[in-house]
K.L.:
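Handing you a structure now.
One-based numbering, in listed order, for ligands and for the atoms of each.
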Amino acid sequence: MRLERAELARELAALEAAQQRRRRRTIDSGPKPAEPTRLCIEGRELLNFSGNDYLGLRTHPALIAAAQAAMGRFGFGAGAAHLITGHSREHHALEEELADFTGRERALLFSTGYMANLGVIAALAGRHDTVLADRLNHASLVDGVQLAGARLKRYAHADSAAVGRALHGGARLIVTDGVFSMDGDVAPLPQLAALAQQHGAWLIVDDAHGLGVLGTHGRGSLEEAGLDAQQVPLLVGTLGKAFGTFGAFVAGDAVLIEYLLQRARTYIYTTAVPAAVAAATRAALHLVRTEPWRRERLRALIQRFRTAAAAHGLPLLPSATPIQPLLQGDSAQALRTAAQLEERGFVVSAIRPPTVPRGTARLRITLSSAHSDQDIDALVAALAALHAQRSAA
Ligand SMILES: *Cc1c(COP(=O)(O)O)cnc(C)c1O
């Protein structure tokens, strides 16, 4: 129990001393529709390299128009949970379109990705199960196993040999990020899927950062790996990232989805997201499907960024996705570099332990198809100048 106020204050002071206290930024305005990568913070316009709006859809007029039209029909709030009276035509159509997009029989909307992961894992695993999880998985997957009361067995990042051994030991469920959110690399999905099939185990992939971005059609890391619904029975996707809206979904076969609808507590006992959000997401999905140029543009920018960064000797982690982490070592250094970048007009977030392992504090640079070549070049120039300054010191 931590009900002593003095103890809470001591813990806060310890966070401060360890450079781990987090602070929020208050966004005054923006982004504007025409400039999805510009934010106004404390009166200054800054270039944003820390969002997850990978395709520049967040401000798209089609999303806003769809939301407004839906609000006219359904009001703002959904008014109830899905199983009561919160499930609108817009939600229903979106589920059908997401099922079609991901090549699965059905999809089920959740209010957030965090809740989708908690609900799915807790519905499928129990006290007597062992769940295998990559050490770098998103926190919500870890918390889902805890909520399930199952045994959590974390394996070294991307170590499919360790997964094979644990499956021999009787584990039945593997959960992994598709694209790792703080590293940008992709899980060894073909190996994990083959192992799962071989041992009659299940593989759940949380593709929060892959959907919309990876694969020729934007169907994510599974499309890129050439894996189908047979090989990966359960896919979790989030809508607050490349889709530029809010919420999440789980896609799978009809029995699995009906089971989750009946049993996933984070689905049942919560208010549905507004119909307007579902309508905006339908508009976003349409753009994801019909405007592949956004993905191509993003890939070209990633290439441009990595080539320029390498030319300056910047220690980038190996990532082919829009998440491009630059290692800093300790938290203080990461915070210092982020502050220096902000002075130069860039928002880049410093990611520190416990979000990432000790000693691997980093800048998490994220790219969007809405960035210009000049934006990328300006960022690399600023990073290179800071890097040179630090090396000379
Ligand atoms: C962002 C994220 C989530 C959580 O999704 P929300 O909709 O923001 O709650 C889950 N998993 C991964 C891998 C994520 O990056």
K.L.:
Please list, in number order, the atoms of ligand 1 under 4.0 Å from a heavy atom of Thr112.
P.N.:
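Counting from 1, the qualifying ligand atoms are 7 (O), 9 (O).
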
K.L.:
Under 4.0 Å from a heavy atom of Thr238: which atoms of ligand 1 are those, numbered in the order shown and with their elements?
P.N.:
5 (O)

K.L.:
Check each atom of ligand 1 against the heavy atoms of Asp177 and keep those under 4.0 Å away; list them by number with element.
P.N.:
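Atoms satisfying the 4.0 Å criterion: 13 (C).
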
K.L.:
Which residue owns the protein heavy atom closest to atom 13 (C) of ligand 1, what's the atom, and how far is it?
P.N.:
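It is Asp206 OD2, 3.2 Å.
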
K.L.:
Does Asp134 reach the main-chain N or O of Thr176 with its side chain, forming a donor-acceptor pair under 3.5 Å?
P.N.:
no

K.L.:
Could you identify the single nearest non-hydrogen protein atom to atom 4 (C) of ligand 1 and state the distance to 0.1 Å?
P.N.:
Tyr114 N, 3.6 Å

K.L.:
Please tabulate, one pair per line, all N/O donor-acceptor pairs under 3.5 Å involving side-chain atoms of residues 378-393, not counting sequence neighbours.
P.N.:
from, atom 1, to, atom 2, distance (Å)
His387, NE2, Gly313, O, 3.4
Arg390, NH2, Gln328, OE1, 3.3
Ser391, OG, His387, O, 2.8

K.L.:
Can you pull out the closest protein heavy atom to atom 6 (P) of ligand 1? Residue, atom name and distance to 0.1 Å, please.
P.N.:
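Among all protein heavy atoms, the one nearest atom 6 (P) of ligand 1 is Gly113 N, 3.3 Å.
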
K.L.:
Identify, with sequence neighbours excluded, every residue that meets ring pair (Phe, Tyr, Trp, His ring centres under 6.0 Å) alongside His371.
P.N.:
Phe49

K.L.:
Mark up the atoms of ligand 1 that fall under 4.0 Å of a heavy atom belonging to Ser181, in ascending order.
P.N.:
15 (O)

K.L.:
Polar contacts were defined as any N/O atom of the residue lying under 3.5 Å from an N/O atom of the ligand; does this apply to Lys241 and ligand 1?
P.N.:
yes

K.L.:
Can you establish whether the number of heavy atoms outside Arg135 located under 6.0 Å from its atom CZ is more than 12?
P.N.:
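It does: Arg135 CZ has more than 12 such atoms within range.
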
K.L.:
Would you sort out whether Glu4 and Arg10 count as a salt bridge (charged side-chain N to carboxylate O under 4.0 Å, His left out), showing the intermediate values?
P.N.:
CA-CA 10 Å; Glu4 276 301 330; Arg10 263 197 303 282; over 6 Å; no

K.L.:
Would you sort out whether Thr281 and Thr245 count as a side chain to side chain donor-acceptor pair (under 3.5 Å), showing the intermediate values?
P.N.:
CA-CA 6 Å; Thr281 307; Thr245 62; 2.7 Å; yes

K.L.:
Please classify the Ala248 to ligand 1 contact at 4.0 Å (heavy-atom distances, strictly less than): side chain, backbone, both or neither.
P.N.:
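No part of Ala248 is near ligand 1 at this cut-off.
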
K.L.:
Identify the closest protein heavy atom to atom 15 (O) of ligand 1: which residue and atom is it, and at what distance?
P.N.:
His209 NE2, 2.6 Å

K.L.:
Is any side-chain heavy atom of Val131 closer than 4.5 Å to one of Lys153?
P.N.:
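No, their side chains stay 4.5 Å or more apart.
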
